[in-house]
There are 2 protein chains.
Amino acid sequence: MKKTLLYLTGLALVACAPADQDSSSSAAYPSGTAGADVISNPLPSWNEGPSRSAIIDFVERTTTAGSPDFVPVPERIATFDNDGTLWTEQPAYFQLAFAIDRSKMIAAHNPELAENPLLKALASGDKEALANVTEHDLVQLVAETHSGMTLEQYQTLVANWLDVARHPRFGVPYSALIYQPMLELLEYLRAHEYKTFIVSGGGVDFMRVFTEDVYGIPPEQVVGSMGETEFEIRDGVPVLVKQRAINFVDDKEGKPVGIARFIGRRPVMAWGNSDGDLAMLQYTMGGDGPRFAGYVHHDDPDREWAYDRGSHIGGFDKGWDEAVEKGWTVVSMRDEWAKIYPGEDLP
Amino acid sequence: MKKTLLYLTGLALVACAPADQDSSSSAAYPSGTAGADVISNPLPSWNEGPSRSAIIDFVERTTTAGSPDFVPVPERIATFDNDGTLWTEQPAYFQLAFAIDRSKMIAAHNPELAENPLLKALASGDKEALANVTEHDLVQLVAETHSGMTLEQYQTLVANWLDVARHPRFGVPYSALIYQPMLELLEYLRAHEYKTFIVSGGGVDFMRVFTEDVYGIPPEQVVGSMGETEFEIRDGVPVLVKQRAINFVDDKEGKPVGIARFIGRRPVMAWGNSDGDLAMLQYTMGGDGPRFAGYVHHDDPDREWAYDRGSHIGGFDKGWDEAVEKGWTVVSMRDEWAKIYPGEDLP
């Protein structure tokens with residue numbers, strides 16, 4: 001994903017039609033497991049093709065004892081962007097949908113906040129008004145809707161939202177829109193003792209609510225954008241309180257910075273889907289020994305979306321050119337994925 | 001440990017007598033393993049006593065299926081301060097000794113820097129001059145000696161220093177001065193599927209050079225103070241460059257912040273040795289269910305050091321009072337540790 005500031009480039013927040021909360025009664029979290037045969041029958045939702053072959057070849061080369069490309073277990077670090085790489089990011093980043101729902105509720109109870117032009121625009125869904133929303137507005141919105149509460153309170157709100165919110169196109173919980181082939185890739189890597197990390201421009205406190213259940217990735221292996229927090233003792237209970245100030249934006253050139261800061265090792269493999277991931281892929285490929293860079297290409301308008309160059313979301317221009325030039329793996333979702341989501345694919 | 005700013009309270013940097021580099025030819029890194037019998041014969045270097053009993057009781061309660069205090073594996077997070085908790089911090093933080101060696105070398109090659117009063121004081125070892133060193137001076141020193149280089153270059157310097165530097169009292173590599181009983185505790189916890197983390201005021205890039213070899217703690221489980229870094233492509237190679245600006249000080253109230261930011265889960269167990277660790281221990285104990293807070297008390301002047309209240313380093317006043325009041329575990333190094341270091345204890 002590409003997040004110019006904290007979350008998005010600011011346009012086309014038109015995802016926010018009222019969600020149909022009746023169209024699915026499934027649990028918010030799918031199982032996140034790809035099945036037991038992960039080694040004998042790897043990547044079952046990947047069609048035979050160049051990407052599947054490249055992955056299997058790389059993993060076998062780097063994990064077979066005696067191979068010239070063998071990588072010791074502690075160095076087997078694989079990093080994944082989240083939005084657009086592990087789950088859908090259309091028609092808007094899912095975290096933005098959460099922030100919009102929060103701001104509507106807040107506005108309904110705070111007349112003075114309701115006059116805020118951004119809140120009005122978000123509440124109205126008016127495209128022209130939304131087109132005037134600036135990045136600064138959105139950072140302010142995130143601060144407005146998230147700060148002042150404890151980390152635990154915030155994460156309770158996120159968990160509740162994930163339970164009740166439904167995706168505007170598919171009518172299912174957002175967490176049902178993770179990519180089945182990527183789940184299988186995560187499991188396949190872990191079965192070969194790779195440690196899997198998320199490195200996303202999304203908010204780390206937001207993602208950690210669901211990554212363990214949904215992807216099998218524990219909180220301590222999630223790197224993301226973050227605000228400042230402060231330690232307080234409230235009514236005798238030690239808590240962390242979210243602040244308005246932003247500490248770190250884990251996007252573009254921030255991704256290698258986040259990797260060095262949180263992981264402290266250069267990845268052996270990295271996956272993304274946009275120019276926002278390019279620096280992470282460059283950093284990964286810049287290390288010695290075998291390295292793998294993969295891009296998920298959104299070219300399936302029927303089962304998911306088709307977008308890349310010049311898109312308001314997930315722009316994929318420089319990354320595409322570099323991937324082609326350097327022979328990195330670029331996955332065609334349309335041609336190489338037999339299945340998109342863990343449930344039935346819904347056109 | 002207590003680090004008022006990045007590294008120390010500023011006084012008594014008298015550790016810096018010329019190191020005797022001939023007195024030991026041992027490798028810089030001890031094995032970091034406590035032996036195979038970690039479950040059947042736990043904590044062999046701990047004397048029978050209240051601390052050993054409390055640890056074993058807690059670990060058994062939290063890891064035995066069916067126990068009312070059972071903690072699921074993913075939530076078994078144990079955090080450890082480093083300086084004074086996992087290794088010696090006397091007569092000065094080891095990272096400071098590194099910074100002093102660096103600054104001497106830099107001063108020798110840069111006449112204008114050599115006029116810097118701080119560098120002069122450090123080079124002279126003059127106690128009165130050292131007493132006037134301010135915290136700001138030291139942050140500047142750290143910036144001066146560490147910034148501008150790539151992360152990999154910096155860590156090569158640290159690794160080399162660990163190979164050649166010798167501790168002024170014991171004449172052994174600094175990494176030989178890790179505490180054998182704490183190594184055994186780390187292994188004992190890991191054998192019970194606890195995930196062990198360092199949460200230290202020390203610099204994260206410094207610690208990650210040795211924590212995996214010395215403690216069996218990989219870089220991604222080390223939380224510490226950190227400067228800003230920037231992603232650059234230098235001569236076609238993607239690198240991270242250390243900057244002068246400080247991003248985060250992982251001390252005192254910063255420790256719970258660091259835990260939330262890097263780990264994303266409240267620990268079940270936490271260990272420290274000073275007031276700098278108190279907020280981490282408070283935060284740990286503030287969670288629901290079984291929690292364990294432990295303090296290492298430096299009361300052994302013969303085999304290590306004795307210091308606590310009012311000490312220039314590792315001040316242990318408020319933490320001591322709270323530990324006594326709340327019945328936290330306080331380990332007497334003198335009485336409860338049969339052995340201090342992995343090698344022979346040296347008076």
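Everything numeric in this text was worked out from a predicted model, so none of it was measured. Throughout, a chain's letter reflects where its sequence line sits, starting with A, and its residues are numbered from 1.
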- Considering only heavy atoms and a distance below 4.5 Å, find which of Arg266(B), Glu232(B), Met285(B) pairs most often with chain A. Arg266(B)
- Counting heavy-atom pairs under 4.5 Å to chain B, which of Ala260(A), Gly254(A), Gly236(A), Gly287(A) comes out on top? Ala260(A)
- Checking heavy atoms, do the side chain of Gln221(B), its backbone, both or neither come under 4.5 Å from chain A? side chain
- Note on the structure: Sorted by chain and number, sequence neighbours left out, salt bridge (charged side-chain N to carboxylate O under 4.0 Å, His left out) with Glu230(B) holds for none
- Query: Of all residues at least two apart in sequence or in a different chain, which pass the salt bridge (charged side-chain N to carboxylate O under 4.0 Å, His left out) check with Glu220(A)?
  - Reply: Lys195(B), Arg265(B)
- Most heavy-atom pairs under 4.5 Å with chain B, out of Asn247(A), Thr284(A), Ile259(A), belong to Asn247(A)
- Task: Examine whether an atom of Ile233(A) lies under 4.5 Å from a heavy atom of chain B, and if so say whether it belongs to the side chain, the backbone or both; otherwise answer neither.
- Result: side chain
- Message: Parallel, tilted or perpendicular, judged at 30° and 60°: which one describes the rings of Tyr283(B) and Phe231(A)?
- Response: perpendicular
- Nearest heavy-atom contact between Pro74(B) and Glu212(A) is CB-OE2, 3.4 Å
- Message: Using side-chain heavy atoms (C-beta onward) and a distance below 4.5 Å, is Phe248(B) in contact with Arg261(A)?
- Response: no
- Where is the tightest heavy-atom contact between Gly286(A) and Pro238(B), given as atom of each residue plus distance? CA-CD, 3.7 Å
- Item | Interchain contact, Ile263(A) with chain B, by part (heavy-atom threshold 4.5 Å) | both
- Query: At their closest point, which heavy atom of Pro219(B) faces which heavy atom of Gly264(A), and how far apart are they?
  - Reply: CB-O, 4.0 Å
